Amino acid sequence: MSEFNVSEELKKMPQTPGVYLMHDSHDDIIYVGKAVNLKRRVSSYFRKSTKKSSKIESMVSKICRFEYILTDSELEALILECNLIKEYRPKYNTMLMDDKAYPYICVTVTEDFPRIVFARRMKKDGNKYFGPFTSSGAVRDTIELLQKMYQIRNCNKAISMEEGYSFSGNIKEVPKINGRPCLYYHIGQCKGACQGYISKGDYRKQVELAIKFLEGNYRDTLKELEEKMQAASAQMEFEQAMEYRDLINSILHVAGNQKITTHQFEDRDIIAYAEEGNDAVVQIFFVRNGKLIGREHFYLTTVPGDTGKDILTSFVKQYYSGTPFIPHELLVQTEIEEPELLSEMLSRNQNYTVKIVHPQKGKKNKLVELAAKNARTLLEQNKDKYRREQKRTVGAVREIEELIGLPGIERMESFDISHTGGIETVASMIVYENGKPKKNKYRKFRMKWGQGNDDYVSMEEVLTRRFTHGLEEREKLDAEGREYELGSFSHFPDLIMMDGGKGQVNVALKVLEKLGLNIPVCGMVKDDNHRTRGLYYNNVELPIDTHSEGFKLITRMQDETHRFAIEYHRSLRNKKEVHSVLDDIPGVGPSRRKALMKYFKSIEKIREASVEELKNAPSVTEKVAKSIYDYFH
């Protein structure tokens, strides 16, 4: 790289809006900022007469070069700044450590017979969404309660409408019968919409009642259930009355969880923070329809010199730029930078203006003080635990980055092969993000190219299939304008960790080269006692401190990859063992196998049974009984 002359480059800078990126001596991005006037803003960092905080002075001392991206407006610059901070996670930007997707309750009102379902993202698909909620368990409990209360279907059947005739001979729309009614219909928890047992209009009334409940209107529901309970009790249907009583108690429990209620049915988030050293906690209270439905806290890493304004501004930018639903009002503990501009950015995808308010007195201020008190308590209670966890996860990843000289590692994938003498060969793929396992992203593969003892061939197959699927998904997602994170295989790793040395690494590199991909590959090398001793990277085996957090993370990944592969292999092997005993008998299929096992309890008793005894088992004819007897004798 040619010598970077700061003075000359500053003279060339335009006086327009944009984003600037500061690089250090290793060419890592250490800070991202935005400006209305790029030249004026960036020049201020290098002007000696400008008073700077300790944080800025430390950053400026490490700047070796800078670059910038022009935008058409300050709003565009703000959006780009948020995206680049999330992408590069610069050292001198205050960073939000948690990256969570909060659940929603979705009512599929676009369907003829709507369902109430769990959703991770709020989409613009015409359906009704409620949330976000902080507890997945609470969301699922609420959905189950509503389905039971209002007898709303929970199946995935596509119920289409067709023309039919009423008893009077008039043409009307009726549901097209779709299979047989499920168990929920028979136990009275579904109206049988798939069979046409309830009209579209009557079913919609039930759905509207569920929506009212989700909007916080419990009174009508409670009144209706109490009337039904009294009626059932009067008719001596005590079991039915008890069911209504239990539903009433469930509703009272849900309603009782609303810690704060206001007479205004507003949606707002209350945001406050607490800090100590380089640690900070931000506490949010979620208020929906005037009720506090939950709270959540987030840990941030700060740098010396960060103020409360810096912390809350960074948090609001990072958290709400990735959240589909933003309430009408954000109450913040301190003033944030450029609240009008930030409000404009947050309001872009909403049908209303998002207000950012710093209350000074009154009820709103008391709510903010309550959130701040919670933040201080959390920081005090959990700072040591959090530091240990950070060291064990993110800190371990940073040690691996430093060892192999590869910055910016977030997602790592590891692969392993398992078989018994070349039979039932399978492979596992595990995923770690920021040093933590992401089990919902694990994948398992059953070999299709052929069975055998050659682990290299099996590894070539699994890697080829994994990344070919990913490339195909990326092409499809690109065409639909959707993010790669939405696919099963389209999100590629920053580093591949192979359970082995040079041979396994070369197999991975061969597959990646063939597919035109450039992803770094490491080998987790083991010693003669099958213990990790180092990493193989760029044709060099790098020794690693066996007491370091990085080493412990590598060991955990190896063990997890191995465990996941072996469990899958064992499950297939066990299925094959059961299959070889019963399913090879002529006339015995899966249904008869289950009936035989249920009747005789064990293979040994089936083996010892006579033809007459075998005939007594459900669905076993004389011909099949003789076939079973002949097989064992």
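Predicted, not measured: the structure shown is a model, and the values here were computed from it. Along the sequence shown, the residues carry numbers beginning at 1.
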Quick one: are [X] and [Y] in side-chain contact, heavy atoms under 4.5 Å?
{"X": "R592", "Y": "T621", "result": "yes"}
{"X": "F113", "Y": "V207", "result": "no"}
{"X": "Q333", "Y": "Y273", "result": "yes"}
{"X": "M412", "Y": "E433", "result": "no"}
{"X": "L331", "Y": "I271", "result": "no"}
{"X": "V357", "Y": "E329", "result": "yes"}

Item to check | Any donor-acceptor N/O pair, D416 side chain to S428 backbone, under 3.5 Å | outcome: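 A pair under 3.5 Å: no.
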Next on the checklist: Please check: side-chain N/O of E473 versus main-chain N/O of F489, any donor-acceptor pairing under 3.5 Å?
Outcome noted: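 Judged by distance alone, yes, a pair lies under 3.5 Å.
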Next on the checklist: Does the structure place the NZ or CZ of R466 under 6.0 Å from the centre of the six-membered ring of F445, at an angle of no more than 45° from the ring's axis?
Outcome noted: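 The answer is no, since R466 fails at least one limit relative to F445.
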Checklist entry - Is the NZ or CZ atom of R474 both under 6.0 Å from the centre of the six-membered ring of F492 and within 45° of that ring's axis? => result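 Ring-cation test returns yes.
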Checklist entry - Does the ring centre of F467 sit less than 6.0 Å away from the ring centre of H469? => result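 Not close enough - the centres of the two rings lie 6.0 Å or further apart.
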Item to check | Y319/F298 aromatic ring centres below 6.0 Å | outcome: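 Close enough - the centres of the two rings lie under 6.0 Å apart.
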Can [X] and [Y] be counted as an ion pair, charged N to O under 4.0 angstrom?
{"X": "K148", "Y": "E144", "result": "no"}
{"X": "E413", "Y": "R411", "result": "yes"}
{"X": "D112", "Y": "K200", "result": "yes"}
{"X": "K444", "Y": "E567", "result": "no"}

Atom [atom1] of [X]: over 12 foreign heavy atoms under 6.0 Å:
{"X": "E239", "atom1": "CD", "answer": "no"}
{"X": "N440", "atom1": "CG", "answer": "yes"}
{"X": "Y184", "atom1": "OH", "answer": "no"}

Checklist entry - How far apart are the C-alpha atoms of N127 and T110, what are their side-chain angles, what is the distance that settles it, and do they pass the side chain to side chain donor-acceptor pair (under 3.5 Å) test? => result CA-CA 6 Å; N127 292 317; T110 54; 2.8 Å; yes
Item to check | Step-by-step salt bridge (charged side-chain N to carboxylate O under 4.0 Å, His left out) determination, E208 to R204 | outcome: CA-CA 6 Å; E208 289 301 322; R204 282 274 175 175; 5.3 Å; no
Checklist entry - After noting the C-alpha distance and the side-chain angles of E111 and R115, does the key distance pass the salt bridge (charged side-chain N to carboxylate O under 4.0 Å, His left out) rule? => result CA-CA 8 Å; E111 297 175 349; R115 295 166 295 136; 2.7 Å; yes
